[in-house]
Amino acid sequence: MVDCVFCKIASKEIQSKIAYEDEEVVAFHDINPQAPIHVLIIPRKHIPSLNEATDEDQNLLGKLMLVAQKLAKELNIAEDGYRLVLNTNRGAGQSIFHIHLHLLGGRLFRWPPG
């Protein structure tokens, strides 16, 4: 998608601090972190939100979770714990309409989250 900031990060049109990338997934450090570790994990494929995901996206969505697990281990937050957040639409806090997971760690989290 032409105007999507996350598509531009994935295609390297916009510079970002990349934490992980392969042919399907890119992960990068959030520029407005909400925790000491805050990484955004996105598919290269543009999917506006979870509401637009299809059965064809099942493996890709699972891969996002496994990349989060890998990064949590590499960033040394797996043992203490981490939070994964996927916001869907504005009412839930989604501000960039390209599906993405927030990997948050390095501090204590409370429940309910907000």
Arg107 and Arg83: CA distance, side-chain angles, deciding distance, side-chain contact (heavy atoms from CB on, under 4.5 Å) verdict = CA-CA 10 Å; Arg107 70 171 171 87; Arg83 180 168 286 170; over 6 Å; no
Euclidean distance, Ile77 CD1 relative to Leu103 CG, rounded to 0.5 Å = 4.5 Å
task = Check the pair Ile42, His98 against side-chain contact (heavy atoms from CB on, under 4.5 Å), reporting the backbone distance first and the verdict last.
result = CA-CA 8 Å; Ile42 66 168; His98 183 122; 4.0 Å; yes
message = Using side-chain heavy atoms (C-beta onward) and a distance below 4.5 Å, is Ile41 in contact with Val26?
response = no
request  = Could I get the full list of ring-ring contact (aromatic ring centres under 6.0 Å, His included) partners for Phe28, not counting sequence neighbours?
outcome  = Phe6
task = Give, for atom CG of Asp3 and atom NZ of Lys8, the distance between the pair rounded to the nearest 0.5 Å.
result = 5.5 Å
remark   = To the nearest 0.5 Å, atom CG of Asp57 lies from atom CG of Asp55 at 8.5 Å
key: Donor-acceptor pair, side chain of Gln94 and main chain of Asn89, under 3.5 angstrom   = yes
Beyond-backbone contact of Glu52 with Phe97, side-chain heavy atoms, under 4.5 angstrom = no
key: Nearest-0.5 Å distance, SG of residue Cys7 to NE2 of residue His46   = 5.5 Å
key: same_hphob_cluster(Leu101, Leu71) at 4.5 Å side-chain heavy-atom cutoff   = yes
message = Quick check: is Leu61 connected to Leu40 through a chain of hydrophobic side chains (ILVMFWY, heavy atoms under 4.5 Å apart)?
response = no
ask   = Taking the side chain from Thr54 and the backbone from Glu56, do they hold a donor-acceptor pair closer than 3.5 Å?
value = yes
request  = Report whether Leu66 and Tyr20 are members of the same hydrophobic cluster (ILVMFWY, side-chain heavy atoms less than 4.5 Å apart, transitive linking).
outcome  = no
inquiry  = Tell me whether the count of non-hydrogen atoms from other residues, nucleotides or ligands lying under 6.0 Å of CD in Glu13 goes above 12.
reply    = yes
ask   = Do Leu104 and Leu84 sit in the same hydrophobic cluster, where Ile, Leu, Val, Met, Phe, Trp and Tyr count as joined when their side-chain heavy atoms come under 4.5 Å apart?
value = no
message = Just so I know, are the side chains of Pro48 and Ile99 near enough to count as touching, which here means a heavy-atom distance under 4.5 Å?
response = no
task = State, yes or no, whether a side-chain contact exists between Asp30 and Val39 at a heavy-atom distance under 4.5 Å.
result = no
ask   = If you round to the nearest 0.5 Å, how far is CD1 of Ile96 from OG of Ser49?
value = 13.5 Å
request  = Check whether any side-chain heavy atom of Tyr82 sits under 4.5 Å from a side-chain heavy atom of Ile37, and report yes or no.
outcome  = no
ask   = Met65 and Leu50: same hydrophobic cluster, using ILVMFWY side-chain contacts below 4.5 Å?
value = yes
inquiry  = Given 3.5 Å as the limit, does a donor-acceptor pair link the side chain of Arg44 with the main chain of Ser11, or not?
reply    = no
task = Determine whether more than 12 heavy atoms belonging to other residues, nucleotides or ligands lie under 6.0 Å from atom NZ of Lys70.
result = no
message = Under 6.0 Å between ring centres: does that hold for His38 and His102?
response = yes
request  = Could you pull out the closest heavy-atom pair between Ile9 and Ser16, with the gap in Å?
outcome  = CG2-CB, 3.8 Å
ask   = Are the charged groups of Lys63 and Asp22 less than 4.0 angstrom apart, N to O?
value = yes
key: Sidechain N-carboxylate O distance under 4.0 Å for Lys73, Glu79   = no
query = For the residue pair Ala35 and Gly105, what are the closest heavy atoms and their distance?
reply = CB-O, 3.5 Å
